[in-house]
Number of protein chains: 2
Amino acid sequence: MTTQTSLTIGRIAQSAGVAIDTIRFYEREGLLPEPRRRPSGYREYDASAVSRLRFIRRAKDLGFTLEEIRELLALSADRHVGVEGVRERAAARLKAIDDRIAELQRVRDGLAELVEACPGHGAPEDCPILNALAEPNP
Amino acid sequence: MTTQTSLTIGRIAQSAGVAIDTIRFYEREGLLPEPRRRPSGYREYDASAVSRLRFIRRAKDLGFTLEEIRELLALSADRHVGVEGVRERAAARLKAIDDRIAELQRVRDGLAELVEACPGHGAPEDCPILNALAEPNP
DNA sequence: CTAGACCCTTGAGCTAGGTCGAGAGTCAAG
DNA sequence: CTTGACTCTCGACCTAGCTCAAGGGTCTAG
């Protein structure tokens, strides 16, 4: 038999490394199921809530939005198309990250060129950075 | 002599490719100087306002925040330490972008590994993605 | 002169993901 | 029983960078 653990919101916040307010926020947002309550109204959790919170945190670290995480959580409970869906979402996220990196790289290179060309002194009109920012075309 | 052009907010918005509301917003935020007004209250701009708007747009594309752009604009008018300051800010921005790219790359690699390891079918317990998200350590 | 396009101000709302405060009730140790 | 830590709800606020609505005045072509 499984031991029925009973954790307060403060305890799971501590275990999962998130703020109490964040947990209540996730509950409102449907990322966490509404937990049972003590007669006093206190929320009562078991260990699975901690896993779920960690799941959310990990996914967030991977750049998923809360909306996407909601989907992942739904899929993770689906024994039929769940894994397929999860893989799809992860692949999509991966592509989004790749796109973002490519975009940043483009910006980075443009900026690096300007910084290298700039002597760091002299008249504003001779600064390639300022000139690039001010020039009329595109 | 320079021809005194007189442009309405709609015209410079058009020329610079930004929304009218955005221009008024920039004015409130101190990115654009308060223009002179017609007796009716209409704002009157000259061509330099368009340059300035383009400057802002370019800088934004390079990832500068409006706060940073305010600084750049101030520096660009400074004939003494202006160029030095601009170069410093640009270098700092470059470093921030590099850091961000490195961070994204890290996330990307982690995610790519999981996606590759995931068969895309089978039981949720066998999905490396779900397992990685749910596992108890850090 | 009039219609329609343009402009004015003030103030609110939006996104995403929380974060905080007030005011009140509850729990556990001593 | 008391005290201090914990929890409850509700609602407001935060960042950044806009974006929109309401209600009104202005400009210009015909």
Side-chain angles (χ1 to χ4, degrees), chain A residues 5-46 49-50 52-73 93 96-97 100, chain B residues 5-32 34-46 49-50 52-73 93 96-97 100 107:
Chain A
T5 52
S6 166
L7 303 163
T8 61
I9 195 170
R11 286 198 166 287
I12 66 162
Q14 176 77 27
S15 304
V18 299
I20 290 178
D21 280 345
T22 302
I23 294 175
R24 290 195 276 243
F25 171 72
Y26 286 166
E27 181 183 323
R28 281 198 298 283
E29 294 294 303
L31 292 162
L32 291 174
E34 300 202 358
R36 62 182 183 284
R37 302 286 188 124
R38 291 193 202 173
S40 64
Y42 277 31
R43 289 169 177 80
E44 261 186 338
Y45 297 93
D46 55 30
V50 177
R52 203 165 170 106
L53 278 174
R54 277 202 269 250
F55 183 108
I56 295 171
R57 229 188 26 154
R58 296 271 167 70
K60 236 161 51 65
D61 288 347
L62 290 176
F64 288 97
T65 65
L66 294 191
E67 176 61 34
E68 290 167 331
I69 294 171
R70 216 194 319 269
E71 280 182 33
L72 286 177
L73 284 166
R93 183 91 271 280
I97 294 176
R100 181 75 184 125
Chain B
T5 50
S6 166
L7 304 164
T8 61
I9 195 169
R11 285 199 167 287
I12 66 161
Q14 177 77 27
S15 305
V18 300
I20 289 179
D21 280 346
T22 302
I23 294 175
R24 289 196 276 245
F25 171 71
Y26 286 165
E27 182 184 324
R28 280 197 299 283
E29 294 293 305
L31 291 162
L32 291 174
E34 300 201 357
R36 60 182 184 282
R37 301 285 186 124
R38 291 192 202 173
S40 65
Y42 278 31
R43 290 170 177 80
E44 261 186 336
Y45 298 94
D46 56 28
V50 178
R52 203 166 169 106
L53 277 174
R54 277 202 270 250
F55 183 106
I56 295 171
R57 231 194 22 171
R58 295 272 169 71
K60 238 162 48 67
D61 289 347
L62 290 177
F64 288 96
T65 64
L66 295 191
E67 175 61 33
E68 290 167 332
I69 294 170
R70 215 194 321 268
E71 280 182 31
L72 286 178
L73 284 166
R93 181 92 274 277
I97 294 177
R100 180 75 185 125
V107 169

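As the structure is a computational prediction, the values presented were derived from the model and not from experiment. Below, read A as the first sequence line, B as the second, and so on, with proteins coming before strands; counting in each chain starts at 1.
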Nearest-0.5 Å distance, [atom1] of residue [X] to [atom2] of residue [Y]:
| X | Y | atom1 | atom2 | value |
| --- | --- | --- | --- | --- |
| A:L7 | A:D46 | CG | CG | 7.5 Å |
| A:E71 | A:I69 | CD | CD1 | 10.5 Å |
| A:Y45 | A:I23 | OH | CD1 | 6.0 Å |
| A:L53 | A:R58 | CG | CZ | 11.5 Å |

Considering only NZ, NE, NH1 and NH2 on the basic side and carboxylate oxygens on the acidic side, decide whether B:E27 and B:R43 come within less than 4.0 Å.
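Looking at B:R43 together with B:E27, the answer is yes, because their closest N to O distance falls below 4.0 Å.
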
Do the charged groups of A:R24 and A:D21 touch, with an N to O distance under 4.0 Å?
yes

Given 3.5 Å as the limit, does a donor-acceptor pair link the side chain of B:R52 with the main chain of B:L73, or not?
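Not confirmed, B:R52 side chain does not pair with B:L73 backbone.
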
So, A:R57 side chain and A:V18 main chain: donor-acceptor pair closer than 3.5 Å or not?
no

Can you give the first and last nucleotides of DNA chain D, 5' to 3', that have an atom under 4.0 Å from a heavy atom of chain A?
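Nucleotide range with atoms under 4.0 Å of chain A: D:dC6 to D:dT9.
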
Summary of protein contacts for nucleotides 15-22 of chain C, nucleotide by nucleotide, where a base hit scores B, a sugar-phosphate-only hit scores S (4.0 Å, heavy atoms)
--BBSB--

Quick check on side-chain hydrogen bond (donor to acceptor under 3.5 Å, both in side chains): which of B:E44, B:R38, B:R11, B:R36 does B:S6 satisfy it with?
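The passing option is B:E44.
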
Using the rule given for side chain to side chain contact (heavy atoms under 4.5 Å, CB included), can you reason through B:F64 versus B:R93, listing the C-alpha separation, both sets of side-chain angles and the distance that settles it, and then say yes or no?
CA-CA 7 Å; B:F64 288 96; B:R93 181 92 274 277; 3.6 Å; yes

Nucleotide N/O to protein N/O under 3.5 Å, stretch nucleotides 5-7 of chain C:
from: C:dC6; atom 1: O2; to: B:Y42; atom 2: OH; distance (Å): 3.0
from: C:dC7; atom 1: OP1; to: B:T8; atom 2: OG1; distance (Å): 2.9
from: C:dC7; atom 1: OP1; to: B:G10; atom 2: N; distance (Å): 2.9
from: C:dC7; atom 1: O4'; to: B:Y42; atom 2: OH; distance (Å): 3.4

